[in-house]
Structure formats: structure tokens, C-alpha cells
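Have a look at the structure below before the remarks.
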Amino acid sequence: KMVVDAVLSLDPKQGLEMLGSKKVVGGSLQDSMLVEGVAFKKTFSYAGFEQMTKYFKDPKIVLLNVELELKAERDNAEVRVADVAAYQQVVDAEWDI
């Protein structure tokens with residue numbers, strides 16, 4: 001029933017690749033549920049988490065196409081340039097960051 005409900009909830013313009021499933025350790029089959037929209041699991045373990053609001057009424061939602069966590073920068077990156085002008089572009093780009 002859950003799979004049928006998921007397929008029926010799709011817009012006719014959307015393909016089946018828009019559906020996904022997420023297996024979470026623990027619980028039973030009866031604990032499974034269909035989440036219409038996007039769901040993700042994130043463990044929060046920073047100081048002050050206990051005081052943060054856990055529920056928001058009528059939230060504003062933004063869709064991001066980027067990772068939420070910063071990755072470590074790579075050291076010793078190699079850039080090859082053919083002439084002085086190309087080198088200057090690289091230097092200027094670094095200063096703009």
C-alpha cells in the first residue's frame with residue numbers, strides 16, 4: 001500500500017526516479033511511513049541543541065542544491081597555466097574568494 005500511495009502521489013510529469021526509499025536501523029515494519037516531500041536524517045550534537053526549537057509552525061522552506069557541510073580544502077593543488085595572463089587570472093580569482 002505504501003508503494004502504491006507513493007506512485008500515485010507523483011505528478012504525471014515526474015518519473016519513478018523521483019521516488020526513493022531510506023532504510024533506517026531499528027524499529028519494525030509497522031514503524032515505516034510514507035513521507036510526502038523530502039526527508040533526511042541528521043544527528044545534531046552541538047552545544048545548546050537542547051534549547052533549540054524542535055517544531056516550527058508554517059516554516060519558510062528553501063531548496064538547496066549544495067552540500068550543507070563544508071569539506072576540507074585540498075592542499076597542494078596544481079594549476080597549470082600557459083602564459084602570464086592566465087596566471088594573473090588565477091591570482092585575481094584567489095583574491096576574489
Side-chain angles (χ1 to χ4, degrees):
K1 180 175 177 357
M2 195 181 322
V3 173
V4 172
D5 290 343
V7 172
L8 292 176
S9 71
L10 286 176
D11 186 281
K13 299 174 189 167
Q14 295 174 321
L16 292 178
E17 64 274 359
M18 295 300 293
L19 295 177
S21 63
K22 175 73 175 160
K23 180 178 179 182
V24 179
V25 178
S28 66
L29 184 61
Q30 289 75 22
D31 294 328
S32 299
M33 70 178 93
L34 172 64
V35 176
E36 293 188 37
V38 177
F40 57 94
K41 181 179 177 183
K42 175 70 178 164
T43 303
F44 296 97
S45 60
Y46 52 85
F49 168 71
E50 295 81 18
Q51 289 83 28
M52 286 215 39
T53 304
K54 307 290 188 297
Y55 174 82
F56 296 93
K57 184 177 179 183
D58 299 323
K60 305 286 189 270
I61 298 174
V62 62
L63 300 177
L64 302 174
N65 193 16
V66 296
E67 292 187 33
L68 296 177
E69 296 179 359
L70 298 175
K71 301 266 186 206
E73 293 182 15
R74 291 184 177 216
D75 293 335
N76 301 324
E78 182 177 327
V79 178
R80 295 178 187 233
V81 293
D83 54 39
V84 175
Y87 172 75
Q88 189 60 48
Q89 285 180 327
V90 171
V91 172
D92 292 343
E94 287 181 339
W95 279 103
D96 288 340
I97 293 178

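Predicted model, so just to flag it, every value in this text is computed and none were measured.
Between the CG atom of L10 and the CD atom of E17 there is a distance of 9.0 Å, given to the nearest 0.5 Å. Distance check: L8 CG to L34 CG gives 10.5 Å after rounding to the nearest 0.5 Å. In this structure, D83 CG and Q89 CD are separated by 8.0 Å, a value rounded to the nearest 0.5 Å.
Across all their heavy atoms, L19 and A6 have their closest contact at CD2-O, 3.7 Å.
Looking at E94, its side chain never comes within 3.5 Å of a backbone N or O of V91 through a donor-acceptor pair.
Both W95 and Y87 sit in one connected hydrophobic cluster of ILVMFWY residues. Membership requires side-chain heavy atoms under 4.5 Å apart, directly or through other members.
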